[in-house]
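Owing to the predicted nature of the structure, the values given are computational and were not obtained by experimental measurement.
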Amino acid sequence: QVQLVESGGGLVQAGGSLRLSCAASGRTFSRYPMGWFRQAPGKEREFVTAISWSGGSTLYADSVKGRFTISRDNAKNTVYLQMNSLKPEDTAVYYCAARSRWGPTHGAYEYNYWGQGTQVTVSS
């Protein structure tokens with residue numbers, strides 16, 4: 001069992017930066033691939049990025065590639081999402097999630113554990 005708690009959301013102007021954190025409970029955190037998803041009002045939850053258990057593999061949605069960076073610190077049971085050059089269309093609730101194994105696809109249904117989400121609002 002993994003419990004996830006996101007933090008770091010807030011209001012930022014377009015072009016600005018935010019760093020989200022996701023703190024996990026459980027001694028087996030390092031075994032779980034982790035991902036970030038987001039959901040804007042009236043839209044489906046969408047994949048943003050993912051990182052393998054070792055941090056050796058990462059994957060990004062095209063919409064955030066080159067602007068967002070995922071990382072993890074297994075010693076601190078934490079995964080991070082550095083978001084730069086933010087745009088108004090990045091406005092959403094951001095969720096971190098854990099899955100049991102790395103795979104070629106990253107649909108929300110493939111993730112077993114979810115945090116409660118943190119709001120990110122980018123003003124124009």
Enter the distance from [X]:[atom1] to [Y]:[atom2] here, rounded to the nearest 0.5 Å.
X	Y	atom1	atom2	value
R101	Y32	CZ	OH	12.0 Å
I51	R72	CD1	CZ	6.0 Å
T78	M34	OG1	CE	9.0 Å
D73	S30	CG	OG	11.0 Å
Q1	S25	CD	OG	8.0 Å
L81	T69	CG	OG1	8.0 Å

Hey, quick one: are [X] and [Y] part of the same hydrophobic cluster, counting side-chain heavy atoms closer than 4.5 Å, chains of contacts allowed?
X	Y	answer
L86	V64	yes
W36	L18	yes
V120	V79	yes
M83	L59	no

Can you list everything that forms a side-chain contact (heavy atoms from CB on, under 4.5 Å) with S17? Sequence neighbours excluded, please.
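With sequence neighbours excluded, S17 shows a side-chain contact (heavy atoms from CB on, under 4.5 Å) to Q82, N84, given in chain and number order.
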Check step by step if side-chain contact (heavy atoms from CB on, under 4.5 Å) holds for V12 and T121.
CA-CA 6 Å; V12 64; T121 303; over 6 Å; no
Check [X] against [Y] and note the closest heavy-atom contact, atom names and distance.
X	Y	answer
V122	T91	N-OG1, 2.9 Å
S124	A14	CA-CB, 4.4 Å
F68	V48	CD2-CG1, 3.8 Å

Which pairs count as side-chain hydrogen bond (donor to acceptor under 3.5 Å, both in side chains) when at least one residue sits in residues 46-57, sequence neighbours excluded?
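For residues 46-57: R38-E46.
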Enumerate the residue pairs fulfilling ring-ring contact (aromatic ring centres under 6.0 Å, His included) with a member in residues 78-98, sequence neighbours excluded, ordered by first and then second residue.
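Sorted pair list comes back empty.
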Give the table of side-chain donor-acceptor pairs shorter than 3.5 Å for residues 3-10, with sequence neighbours excluded, one pair per line with atom names and distance.
unit_1, atom_1, unit_2, atom_2, d
E6, OE1, Q116, N, 3.0
E6, OE1, Q116, NE2, 3.4
E6, OE1, G117, N, 2.9
E6, OE2, C96, N, 2.8
E6, OE2, G117, N, 3.2

Report the C-alpha separation of R67 and D90 in whole Å, then their side-chain angles, then the decisive distance to 0.1 Å, and conclude whether the side-chain contact (heavy atoms from CB on, under 4.5 Å) test is met.
CA-CA 11 Å; R67 300 188 297 122; D90 294 318; 2.8 Å; yes
Kindly assign one of parallel, tilted or perpendicular to the pair F37 and Y111, based on the angle between their ring planes and the thresholds 30° and 60°.
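Taking Y111 first and then F37, their aromatic rings stand perpendicular (interplane angle over 60°).
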Show the numbers, then the answer: is there a side-chain contact (heavy atoms from CB on, under 4.5 Å) between T118 and V93?
CA-CA 5 Å; T118 186; V93 177; 6.0 Å; no
Test ring-ring contact (aromatic ring centres under 6.0 Å, His included) applied to Y60 - qualifying residues, sequence neighbours left out:
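So Y60 forms no ring-ring contact (aromatic ring centres under 6.0 Å, His included) with any residue.
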Could you work out, with side-chain hydrogen bond (donor to acceptor under 3.5 Å, both in side chains) as the rule, every residue matching K43, not counting sequence neighbours?
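Per chain and number, K43 pairs via side-chain hydrogen bond (donor to acceptor under 3.5 Å, both in side chains) with no residue.
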